[in-house]
Amino acid sequence: MLRIAVPNKGSLSGPAGEMLHEAGYQQRRESKELRIVDPTNEVEFFYLRPRDIAIYVSSGRLDIGITGRDLLVDSGADAEVILPLGFARSTFHFAGRPGTANGIEDLKGRTIATSYEGIVAAHLADRGVDASVVHLDGAVETAIELGVAEVIADVVETGTSLRNAGLEVFGEPIMKSEAVVIRRSGAEPDATTEPKVQQFLRRLQGVLVARTYVMMDYDCRVEQLEKAVALTPGLESPTVSPLHNEGWVAVRAMVPAKEAQRIMDDLYEIGARAILTTAIHACRL
Ligand SMILES: Nc1ncnc2c1ncn2[C@@H]1O[C@H](COP(=O)(O)OP(=O)(O)OP(=O)(O)O)[C@@H](O)[C@H]1O
Ligand SMILES: O=P(O)(O)OC[C@H]1O[C@H](OP(=O)(O)OP(=O)(O)O)[C@H](O)[C@@H]1O
Ligand SMILES: [Mg+2]
């Protein structure tokens with residue numbers, strides 16, 4: 001049975017559960033459940049605090065886990081990213097009241113509040129800056145107004161939380177993060193669980209592809225086929241089938257969803273007709 005850690009709360013929890021559900025895994029019915037078995041897929045899910053997941057996985061007690069790249073780095077646990085998942089994207093920044101500092105070089109002797117002490121301490125040490133770090137559990141934006149720190153280091157997504165607190169980022173971004181699948185670093189693949197791990201990764205990759213691509217179908221004249229195929233090269237190569245009307249073919253290819261409208265316009269321009277896009281629900285590449 002494969003043992004997988006899944007975030008039980010916070011920004012990662014909802015999207016991780018949705019992705020696992022889309023990938024065909026059973027998920028918990030209510031948020032208080034801490035552990036469920038999916039017997040069909042021979043997987044056991046452990047719902048843990050996102051911050052603790054890298055620690056469980058690096059201990060070898062759980063095979064893999066879903067967490068944030070920033071939480072993995074912050075924990076210092078011996079685990080590595082095996083698949084980025086593209087949700088809970090954020091950037092980790094220093095911030096303060098306007099004019100507080102222009103960059104990390106101005107932080108010598110200052111007090112910095114953060115929930116990510118590991119990332120901040122390592123970043124300061126790498127650059128030889130001696131500053132004090134105060135650990136807070138969350139809502140760190142308020143630490144400045146309440147005089148606990150002059151500077152904060154925190155996750156920024158839309159920037160709304162900073163703006164609401166009258167703060168702005170300064171200096172280079174400290175790191176970029178997103179949800180990731182992790183496993184213990186340098187572990188010898190276990191012969192019994194490895195096929196299940198690979199199947200799990202293929203399923204999640206299938207969900208990612210199904211979310212980012214659409215299927216496009218259209219008809220075009222044989223003379224236009226090369227131009228059309230250049231616009232819709234597909235993943236391997238498009239399927240081309242003859243139509244009953246001589247001189248016409250039907251073409252089918254996967255295209256990135258974000259580019260679908262532009263590609264439809266371009267295909268129309270070169271004479272393609274009956275251009276359709278349909279959603280992909282699941283795939284295995
Ligand atoms: N507003 C946000 N937008 C996108 N990602 C975010 C946001 N806030 C946190 N994250 C990401 O979510 C992960 C943190 O999840 P975690 O559950 O620990 O914190 P949270 O979502 O802030 O919840 P809480 O602090 O209430 O426990 C990190 O990887 C972080 O980068
Ligand atoms: O740039 P934004 O879109 O505003 O998102 C960033 C905010 O979201 C998270 O806070 P959360 O709501 O999880 O509260 P927390 O600070 O208590 O963790 C994070 O800690 C920031 O405060
Ligand atoms: Mg938070």
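Given the structure is predicted, the values throughout are model-derived calculations rather than measurements. In listed order, ligands and their atoms are each counted from 1.
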If you measure only the distance, is there a donor-acceptor pair under 3.5 Å linking the side chains of T232 and Y218? yes
Counting from 1 in the order shown, the ligand 1 atoms closer than 4.0 Å to a non-hydrogen atom of G68 are 29 (O)
Near R89, which atoms of ligand 1 are under 4.0 Å from a heavy atom of that residue? 4 (C), 5 (N)
Does any N or O of ligand 2 fall below 3.5 Å from an N or O anywhere on S11, backbone included? no
Between S177 and D70, is there a side-chain donor-acceptor contact under 3.5 Å, judged purely by atom types and distance? yes
A student comparing G10, G159, S161 should find that the heavy atom closest to atom 7 (C) of ligand 2 comes from S161
I'd like to check which ligand 2 atoms, numbered from 1 as shown, lie under 4.0 Å from a non-hydrogen atom of E141. 21 (C), 22 (O)
Determine whether Y56 and F46 satisfy the following criterion, ring-ring contact (aromatic ring centres under 6.0 Å, His included), listing intermediate values before the conclusion. CA-CA 10 Å; Y56 283 103; F46 292 81; 8.2 Å; no
Where ligand 1 meets D70 - atom numbers and elements under 4.0 angstrom, heavy-atom basis: 28 (C), 29 (O), 30 (C), 31 (O)
Say whether Y213 and E259, considering side chains only, have a donor N or O and an acceptor N or O under 3.5 Å apart. no
Location of contacts on S11 toward ligand 1, heavy atoms closer than 4.0 Å: both
I need the contact type for L162 against ligand 2. Using non-hydrogen atoms and a strict under-4.0 Å cut-off, is it side chain, backbone, both or neither? neither
Which ring pair (Phe, Tyr, Trp, His ring centres under 6.0 Å) pairs, counting each pair once, include a residue from residues 3-42, with sequence neighbours left out? Y25-F45, Y25-F200
Linking Ile, Leu, Val, Met, Phe, Trp and Tyr through side-chain heavy atoms less than 4.5 Å apart, which residues share a cluster with L276? none
Min N/O separation V155 to ligand 2 under 3.5 Å: no
Per-atom contacts, ligand 2 versus T158 - under 4.0 Å to a heavy atom: 1 (O), 2 (P), 3 (O), 4 (O)
Ranking G10, P50, G159 by closest non-hydrogen atom to atom 23 (O) of ligand 1, top hit is G10
Indicate whether the side chain of R28 and that of N8 have a donor and an acceptor atom separated by less than 3.5 Å. no
What part of Y116 sits under 4.0 Å from ligand 1 if we count only heavy atoms: the side chain, the backbone, both or neither? side chain
Under 3.5 Å, side chain of T100 to main-chain N/O of G96, donor-acceptor pair present? no
With backbone taken as N, CA, C and O and side chain as the heavy atoms from C-beta onward, which portion of K9 lies under 4.0 Å from ligand 1: side chain, backbone, both, or neither? backbone
Main-chain N/O of T239 paired to R252 side chain as donor or acceptor, under 3.5 Å: no
Okay, side chain of E33, backbone of R29: is any donor-acceptor separation there less than 3.5 Å? yes
Is R69 touching ligand 1 with its side chain, its backbone, both, or neither, if touching means heavy atoms under 4.0 Å apart? neither
Check each atom of ligand 2 against the heavy atoms of D154 and keep those under 4.0 Å away; list them by number with element. 19 (C), 20 (O), 21 (C), 22 (O)
